[in-house]
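Structure first, then comments.
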Amino acid sequence: MKFELVTVSDNSRARAGKLFTAHGTIETPIFMPVGTAGTVKGIHTRDLKDDIQAQIILGNTYHLYLRPGMDVIEKAGGLHKFNGWDKPLLTDSGGFQVFSLGDIRKLSEQGAKFQSHIDGSYHQFTPESVIDIQRIIGADIMMAFDECTPGDADYEYAKKSMELTHQWLDRCFMQFNNTLPKYGYQQSLFPIVQGSTFADLRKLAVARVKNTDADGYAIGGLSVGEKEEVMYEMTEVVTADLPENKPRYLMGVGTPENILESIDRGVDMFDCVMPSRNGRNGMLFTSNGKINIRNKKWENDHSPIDEMGISFVDNYTKAYLRHLVISNEMLGAQIATQHNLAFYLWLVKTAREKIIEGNFVSWKNEMLIKLKQRL
RNA sequence: GGGGAGUUUCCAGAGUGGCUAAAUGGGGCAGACUGUAAAUCUGUUGGUAAUACCUUCGGUGGUUCGAAUCCAUCACUCCCCA
């Protein structure tokens with residue numbers, strides 16, 4: 001995998017780049033739609049590619065391992081073949097599930113024991129097994145197994161948690177280096193910087209993680225309960241120390257505002273369930289602000305969802321979409337998801353253009369005002 | 001014609017003397033959602049000058065300190081038998 005910096009802003013840390021993978025080139029900054037169970041919920045790969053213009057999507061180790069299981073994925077020839085997405089793919093390692101499945105998981109130095117959220121059965125993930133699974137899935141970018149430290153962790157916990165993540169990181173790379181890709185193309189492994197809300201831990205984590213000389217670096221453990229300013233501060237601390245010539249991936253972030261602010265602080269890659277989940281729940285991100293499409297005020301608003309017309313679904317009217325969402329028609333969730341994802345991809349694509357043109361910061365400031373609005 | 005059951009707040013439907021502005025579900029209205037245990041969850045849903053008062057359980061009249069709840073009567077709905 002190769003990363004090429006195209007432009008770096010002179011009045012901000014924002015960067016435009018190109019990431020070359022076995023399944024195609026990704027133009028950064030980029031937003032990666034989340035397709036946890038091998039699908040971006042409600043969206044066909046055709047629309048993902050042609051309409052939304054996604055360049056890379058996610059899958060999840062934990063979910064795919066539980067269902068359909070590695071046997072099926074391997075027989076399919078990997079996830080690309082299984083779900084028909086032939087562009088770049090990134091898999092999360094299950095580290096976030098260590099955090100989000102808190103009640104049904106047990107941590108040890110060896111790994112994490114999970115209880116399946118599907119049938120309650122017990123499973124163990126180790127740094128080694130997580131690499132093996134991601135080899136079978138065949139993701140272009142695999143993530144190291146980490147503990148996603150909660151945002152309200154105290155210093156002692158954050159430090160211990162970070163150290164565990166570092167031990168696991170070494171084992172991940174060991175397993176990575178001792179195994180080969182299964183489908184004949186190169187895969188990369190990204191380490192994850194933890195350290196919670198403590199700048200000194202974050203700096204330690206970056207220094208430690210840089211030793212791996214990986215193809216890219218991720219920032220984890222943010223937007224997990226801490227304040228927004230803290231998230232920005234930590235992002236800055238981390239990007240300041242990460243190598244310039246490698247992509248930086250801020251995991252799980254965020255709102256359109258978060259993304260612009262983080263691009264400004266030198267982040268290149270993002271993923272978040274927000275556009276898809278909130279879309280399913282009736283919330284739209286538009287070029288003029290946020291919309292709760294269930295609200296009565298849209299009942300007779302027969303204007304397009306978003307007059308900017310980024311996606312073909314933007315031609316559906318607010319009144320019609322409101323009707324679909326309120327009636328619990330599945331097309332409502334599909335349209336809203338498709339619109340939101342198209343908007344997110346438009347946002348990062350435009351950010352890239354502005355970085356290259358040299359006026360990212362002023363554009364960002366204009367956008368932030370619009371994005372804050374609630375329609 | 002004979003016998004029986006019923007009428008409750010937007011809907012369905014509990015409630016058979018005070019703890020009832022009235023369970024529960026639906027619908028309505030609003031909010032949340034950040035590496036997806038989520039097509040999910042939460043709040044609210046008679047009115048107002050609102051730690052109180054007013055109006056409300058088919059209509060009217062009564063019993064009672066007190067009635068959605070008991071009695072009388074009228075209206076309407078449904079079921080069974082002719």
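Side chains included, hydrogens not; waters and symmetry mates left out as well; all remaining heavy atoms used. First the proteins, then the strands, lettered A, B, ... as listed; each starts at 1. This is a predicted model, so every value here is computed, not measured.
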Phosphate oxygens OP1/OP2 of [N]: is one of them under 4.0 Å from a side-chain N or O of [X]?
| X | N | result |
| --- | --- | --- |
| Thr255(A) | U34(B) | no |
| Ser223(A) | U34(B) | no |
| Arg322(A) | C29(B) | yes |

Distance check needed: [N] [atom2] versus [X] [atom1], whole Å only.
| X | N | atom1 | atom2 | value |
| --- | --- | --- | --- | --- |
| Met274(A) | G35(B) | CE | P | 8 Å |
| Ile43(A) | U36(B) | CD1 | P | 17 Å |
| Leu324(A) | A39(B) | CG | C1' | 13 Å |
| Arg277(A) | A39(B) | CZ | P | 8 Å |
| His63(A) | U36(B) | NE2 | C1' | 6 Å |
| Asn292(A) | G28(B) | CG | C1' | 14 Å |
| Gln97(A) | U34(B) | CD | P | 13 Å |
| Asn60(A) | A38(B) | CG | C1' | 14 Å |

Under 30°, 30 to 60°, or over 60°: which ring-plane class applies to [X] and [Y], parallel, tilted or perpendicular?
| X | Y | result |
| --- | --- | --- |
| Phe99(A) | Phe96(A) | tilted |
| Tyr62(A) | Phe114(A) | tilted |
| Phe285(A) | Tyr344(A) | perpendicular |
| Phe176(A) | Phe173(A) | perpendicular |

What nucleotide among [options] has an atom nearest to a side-chain atom of [X]?
| X | options | result |
| --- | --- | --- |
| Ser93(A) | U36(B), C29(B), G35(B) | G35(B) |
| Asn278(A) | C33(B), G35(B), A39(B) | C33(B) |
| Asn281(A) | A32(B), G28(B), U36(B) | A32(B) |
| Lys41(A) | C29(B), C33(B), U36(B) | U36(B) |
| Arg280(A) | A32(B), U36(B), U34(B) | U36(B) |
| Leu58(A) | U34(B), G28(B), G35(B) | G35(B) |

What's the gap between [N] and [M] when it is taken at their [atom1] atoms, as a whole Å value?
| N | M | atom1 | answer |
| --- | --- | --- | --- |
| A23(B) | C11(B) | P | 15 Å |
| A14(B) | U69(B) | C1' | 13 Å |
| G17(B) | A38(B) | P | 48 Å |
| G66(B) | G4(B) | P | 33 Å |
| A68(B) | U8(B) | C1' | 7 Å |
| U9(B) | G59(B) | P | 10 Å |
| A32(B) | U77(B) | C1' | 45 Å |
| G25(B) | U45(B) | C1' | 14 Å |

Name the pairing partner of [N], where a pair is Watson-Crick or G-U wobble with both distances under 3.5 Å, or state none.
| N | value |
| --- | --- |
| G61(B) | C71(B) |
| G43(B) | C29(B) |
| A12(B) | U24(B) |
| U36(B) | none |
| C76(B) | G6(B) |

Return all side-chain donor-acceptor pairs below 3.5 angstrom for residues 24-35 of chain A, not counting sequence neighbours, or 'none' if the list is empty.
unit_1   : atom_1 : unit_2   : atom_2 : d
Thr28(A) : OG1    : Gly17(A) : N      : 3.0
Thr28(A) : OG1    : Gly17(A) : O      : 3.4

Pick base, sugar-phosphate or nothing for [X], based on heavy-atom distances below 4.0 Å to the nucleic acid.
| X | result |
| --- | --- |
| Arg374(A) | sugar-phosphate |
| Gln194(A) | base |
| Gly35(A) | nothing |
| Leu331(A) | nothing |
| Ser276(A) | base |
| Asp146(A) | base |

Closest-nucleotide mapping onto RNA chain B: is Lys296(A) or Met143(A) further toward the 5' terminus? I mean the 5' end.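 Checking each residue's closest nucleotide, the 5'-ward one belongs to Lys296(A).
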
By nearest-heavy-atom nucleotide on RNA chain B, the more 5' of Tyr62(A) and Leu222(A) is Leu222(A)

May I ask you to say whether Lys75(A) pairs ionically with Asp71(A), meaning some side-chain N is under 4.0 Å from a carboxylate O?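 Looking at Lys75(A) and Asp71(A), the cut-off is met.
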
Carboxylate-amine/guanidinium contact Asp241(A) Lys203(A), below 4.0 Å:
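The answer is yes: the pair qualifies as a salt bridge.
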
- Apart from Ile326(A) itself, residues in the same hydrophobic cluster as defined by side-chain heavy atoms under 4.5 Å: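 The other cluster members (ILVMFWY side chains, heavy atoms under 4.5 Å, direct or chained): none.
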
For nucleotides 42-47 of chain B, 5' to 3', base contacts (B), sugar-phosphate-only contacts (S) and non-contacts (-) with protein non-hydrogen atoms under 4.0 Å give ------

Reported CD1-to-NZ distance for the pair Ile305(A) and Lys318(A), which is rounded to 0.5 angstrom: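 With rounding to 0.5 Å, CD1 (Ile305(A)) is 8.5 Å from NZ (Lys318(A)).
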
(message) Under the criterion side-chain contact (heavy atoms from CB on, under 4.5 Å), I'd like the reasoning laid out for Ile259(A) against Val348(A): C-alpha separation, chi angles, the key distance, then a yes or no.
(response) CA-CA 8 Å; Ile259(A) 288 174; Val348(A) 291; 4.0 Å; yes

With side-chain contact (heavy atoms from CB on, under 4.5 Å) as the criterion, how do Met251(A) and Tyr249(A) come out once you've worked through the C-alpha distance, each side chain's angles and the decisive distance to 0.1 Å?
CA-CA 6 Å; Met251(A) 306 185 77; Tyr249(A) 163 30; 3.7 Å; yes

